[in-house]
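Working notes, beginning with the structure itself.
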Amino acid sequence: MPSQIGTVASKIGLHARPAALLVKAASSSKLNVTIGRPGEKAVNASSLLMVLALGVKCGESVEITVSEDSKAQVILEELLQIITTNYDE
């Protein structure tokens, strides 16, 4: 399963707006997508409550993993773009 690590750019962390964008993109992909801190247990990226419960702050790294599929790399890049964009400006 392809995975990649990205750094959260929003100054408030992975809060409601970026988390909602991430969940929407993960859900619409129809793939199994997880997110978590590297080395820790990952959660379902299609669940807003689970993503918010991670409590990820600005500057922290998260690992996104996408199930094998022909479009997995495109989805992974889209999700990383959401994580690495500062939505607070």
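Just so we're clear, the structure is a prediction, and the values are computed from it rather than from any experiment.
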Checklist outcome for this item: Partner of Val33 under side-chain contact (heavy atoms from CB on, under 4.5 Å), picked from Ile64, Val23, Leu76, Thr65, is Ile64

Item to check | Donor-acceptor under 3.5 Å (Ser27 side chain, Lys24 main chain) | outcome: no

Checklist entry - Got a second to check how far Leu22's CG is from Glu78's CD, nearest 0.5 Å? => result 9.5 Å

Checklist outcome for this item: Heavy-atom nearest pair, Gly36 first then Leu54, reads CA-CD1, 4.3 Å

Item to check | Flag side-chain contact, heavy atom, 4.5 Å: Ile35 against Leu14 | outcome: yes

Checklist entry - Shortest non-hydrogen contact from Ser10 to Asn86? => result CA-OD1, 3.5 Å

Checklist entry - Just wondering, are more than 12 heavy atoms of other shown residues or ligands nearer than 6.0 Å to NZ in Lys30? => result no

Checklist entry - Looking only at heavy atoms, what is the nearest atom pair of Thr85 and Ala9, with distance? => result C-CB, 3.7 Å

Distance-only donor-acceptor pairs under 3.5 Å for side chains of residues 41-49, two or more places apart:
{"from": "Asn44", "atom 1": "OD1", "to": "Ser46", "atom 2": "N", "distance (Å)": "2.8"}
{"from": "Ser47", "atom 1": "OG", "to": "Met50", "atom 2": "N", "distance (Å)": "3.2"}

Checklist entry - Can you list the residues that meet the side chain to side chain contact (heavy atoms under 4.5 Å, CB included) rule with Ser28, with sequence neighbours excluded? => result none

Checklist outcome for this item: In terms of heavy-atom contacts, Ser67 and Met1 come closest through CA-SD, 3.7 Å

Next on the checklist: Are Ile12 and Tyr87 packed together at the side-chain level, in the sense that at least one heavy-atom pair is separated by less than 4.5 angstrom?
Outcome noted: no

Checklist entry - Can you tell if the side chain of Asp69 reaches within under 4.5 Å of the side chain of Ile75, non-hydrogen atoms only? => result no

Checklist entry - Do you know which two heavy atoms are closest between Gln73 and Pro2, and how far apart they sit? => result OE1-CB, 4.3 Å

Item to check | Value rounded to 0.5 Å, distance of CD in Glu63 from CD in Glu40 | outcome: 11.0 Å

Checklist entry - Does Leu31 offer a backbone N or O that forms a donor-acceptor pair with the side chain of Lys71 under 3.5 Å? => result no

Checklist entry - What heavy-atom pair brings Leu79 and Ala26 nearest, and what distance separates the two atoms? => result CD2-N, 3.9 Å

Checklist entry - Which value, rounded to the nearest 0.5 Å, describes the distance between Asp88 atom CG and His15 atom NE2? => result 4.0 Å

Next on the checklist: So, using salt bridge (Lys or Arg N to Asp or Glu O under 4.0 Å) as the criterion, who are the partners of Glu60 when residues are at least two apart?
Outcome noted: Arg37

